[in-house]
S.K.: 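My questions will all concern the structure given below.
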Number of protein chains: 2
Amino acid sequence: MVAKTSTRDRILDIAERLFASRGYKNVSVRELTASAGANLASIRYYFGSKDQLLYAIYERYCTPLNKARLQRLADCAEGDGRAPRLEQIIAAFLEPALDVSVDAVGGGARFTRLRAVLIGENLDFLEDLIARNFDATSLAFVEAIHKAVPALGREEVLWRFSFVLGILHYTLIDPNRIRRLSRGLCDPGDTHGLIRFMIPFIAEGFRAPSAPSLAQGAAPRARRTKKEKAK
Amino acid sequence: MVAKTSTRDRILDIAERLFASRGYKNVSVRELTASAGANLASIRYYFGSKDQLLYAIYERYCTPLNKARLQRLADCAEGDGRAPRLEQIIAAFLEPALDVSVDAVGGGARFTRLRAVLIGENLDFLEDLIARNFDATSLAFVEAIHKAVPALGREEVLWRFSFVLGILHYTLIDPNRIRRLSRGLCDPGDTHGLIRFMIPFIAEGFRAPSAPSLAQGAAPRARRTKKEKAK
DNA sequence: GTCTATATACTGATAGAC
DNA sequence: GTCTATCAGTATATAGAC
């Protein structure tokens with residue numbers, strides 16, 4: 001367990017850490033190899049290119065993350081045949097991504113921040129990277145949620161699921177915003193507290209009635225008019 | 001109103017557009033000035049530096065955005081003295097940021113994406129930039145929301161407000177994720193539809209009962225045990 | 001105000017010795 | 001597997017002519 005870390009593993013560790021804190025493009029191969037105590041050419045040697053190093057980081061993390069999420073999801077429904085509670089499904093999705101203690105590789109919060117950071121970089125291969133690692137599991141959760149709130153349409157469930165992704169990503173990518181805004185009252189570093197606050201908000205959100213239809217000519221959103229001066 | 005655009009304004013326009021799509025660090029001063037049909041040295045001349053150009057972009061947008069949000073918030077409560085409905089407050093916050101038709105400067109969706117992209121870049125001056133432009137307005141909305149759901153504690157309201165920020169940011173920063181995941185069923189380009197889906201989810205989320213307290217020794221979240229093997 | 005020319009530094013990639 | 005040396009490309013910054 002103390003183990004000699006191979007050069008390859010040291011590069012993976014240090015790269016995940018640096019990419020997460022400063023982004024992909026902003027960390028050079030030079031800095032990466034120097035920090036890992038490895039040679040400048042070692043990234044090319046072990047991974048082929050800087051791009052493929054990122055693919056390796058994703059694969060190393062997502063394999064156990066997806067496994068944990070799907071296992072938790074399966075546990076929700078076990079025993080009797082009834083549909084699992086919404087709260088259980090949400091927890092099964094969020095906790096493996098947030099729980100630092102279950103650091104299958106090196107800390108869920110750090111990796112989730114890496115993902116969020118990368119979204120802002122518009123890498124040309126990012127869409128492929130995300131789809132390859134997340135779509136299958138995400139769709140499994142969409143299906144499970146839909147069964148728990150069968151009155152909703154599929155479009156609505158998908159939209160609300162993407163809101164969950166937003167909540168998860170934003171909380172991890174910009175923890176200082178809420179800490180500062182709350183003058184320290186909210187502590188994003190407290191993972192368990194964080195999940196505890198997220199779950200009721202999200203579960204009740206999913207239980208909200210469908211959004212009003214937007215058929216042409218339909219009445220505008222119920223709101224005391226008055227604001228109809230503009231336009 | 002048709003107006004000759006000054007070089008300075010052309011740079012602001014093009015910089016906002018390019019930063020929003022590809023990030024701050026990843027757009028060079030060369031590309032910026034070339035796209036604006038201006039000289040390479042003009043950014044240094046007009047703004048002092050690339051950093052200060054970003055400050056100018058924020059200021060140009062946030063002044064009318066904050067004004068619109070606070071005006072909409074004030075409109076919610078007007079007339080009688082009763083507290084505005086939660087849905088109205090949420091709409092007052094979201095719509096000015098999203099509504100492209102109310103492009104006070106150049107399109108709310110684009111600027112919101114710019115903000116989201118920047119969060120991932122870890123610029124050393126970003127926290128100052130955000131606090132200066134957003135904190136006052138955000139706190140005004142937190143107070144208004146708290147009045148609409150007075151049973152909640154302040155910490156809970158602040159957390160839930162940050163979830164709203166997450167939903168807003170994520171939807172704009174990575175529209176392709178939900179489009180692809182839904183195989184085109186969800187269209188993030190449809191701003192009005194988007195707001196329509198967000199509002200009931202968020203409003204019901206705020207109406208959820210408080211998160212269970214996390215006092216030491218308290219029972220774990222109500223969930224059929226069984227998962228207590230791990231650890 | 002605009003433009004050219006250039007200084008200085010850093011990027012990822014790669015060949016080839018050891 | 002590791003290392004040095006170097007390629008070609010691009011970044012921001014800036015001096016100085018016009």
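Chain A is the first sequence line, chain B the second, and so forth, proteins listed ahead of strands; every chain is numbered from 1.
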S.K.: State whether A:Ser28 places a side-chain N or O below 4.0 Å from either non-bridging phosphate oxygen (OP1 or OP2) of C:dC10.
M.R.: no
S.K.: Report yes or no: do B:Asn176 and B:Arg179 form a side-chain donor-acceptor pair below 3.5 Å?
M.R.: yes
S.K.: Select from A:Asn26 and A:Gly48 the residue whose nearest nucleotide in DNA chain C is closer to the 5' end of that strand.
M.R.: A:Asn26
S.K.: Between A:Tyr58 and A:Phe111, is the gap from one ring center to the other below 6.0 Å?
M.R.: yes
S.K.: Tell me yes or no: between the side chains of A:Tyr45 and A:Asn39, is some donor less than 3.5 Å from an acceptor?
M.R.: no
S.K.: Mind calculating the distance between CD1 (A:Ile43) and P (D:dG1) to the nearest angstrom?
M.R.: 16 Å
S.K.: Please give, in whole Å, the distance from C:dC10 P to A:Glu31 CD?
M.R.: 12 Å
S.K.: Give a yes/no on whether any side-chain N or O of A:Tyr46 is located under 4.0 angstrom from OP1 or OP2 of D:dT2.
M.R.: yes
S.K.: Ignoring backbone atoms, establish whether B:Thr7 has a side-chain N or O less than 4.0 Å from OP1 or OP2 of C:dT2.
M.R.: yes
S.K.: Looking only at side-chain N and O atoms, does B:Asp128 offer a donor or acceptor that is under 3.5 Å from a partner on B:Tyr55?
M.R.: yes
S.K.: Given atom CD of A:Gln52 and atom P of C:dT14, what is their separation to the nearest angstrom?
M.R.: 11 Å
S.K.: Verify the contact: side-chain N or O of A:Ser42 to OP1 or OP2 of D:dT2, cut-off strictly under 4.0 Å; return yes or no.
M.R.: no
S.K.: Write down the distance between OH (B:Tyr45) and P (C:dT2), rounded to a whole number of angstrom.
M.R.: 8 Å
S.K.: Is it true that B:Ser182 and A:Arg154 share a donor-acceptor pair across their side chains at a distance under 3.5 Å?
M.R.: no
S.K.: Can we call the ring centroids of B:Phe163 and A:Phe197 under 6.0 Å apart?
M.R.: no
S.K.: Side chains of A:Arg72 and A:Leu70, heavy atoms from C-beta outward: is any pair under 4.5 Å?
M.R.: no
S.K.: Sugar-phosphate atoms are those with a prime plus P, OP1 and OP2; base atoms are the rest. Using that split, label each nucleotide of nucleotides 13-18 of chain D B, S or - for protein heavy atoms under 4.0 Å, 5' to 3'.
M.R.: BB----
S.K.: Over how many whole Å does the gap from A:Phe47 atom CZ to C:dG12 atom P extend?
M.R.: 15 Å
S.K.: Find the distance A:Ile11:CD1 to D:dC3:C1' and express it as a whole number of Å.
M.R.: 13 Å
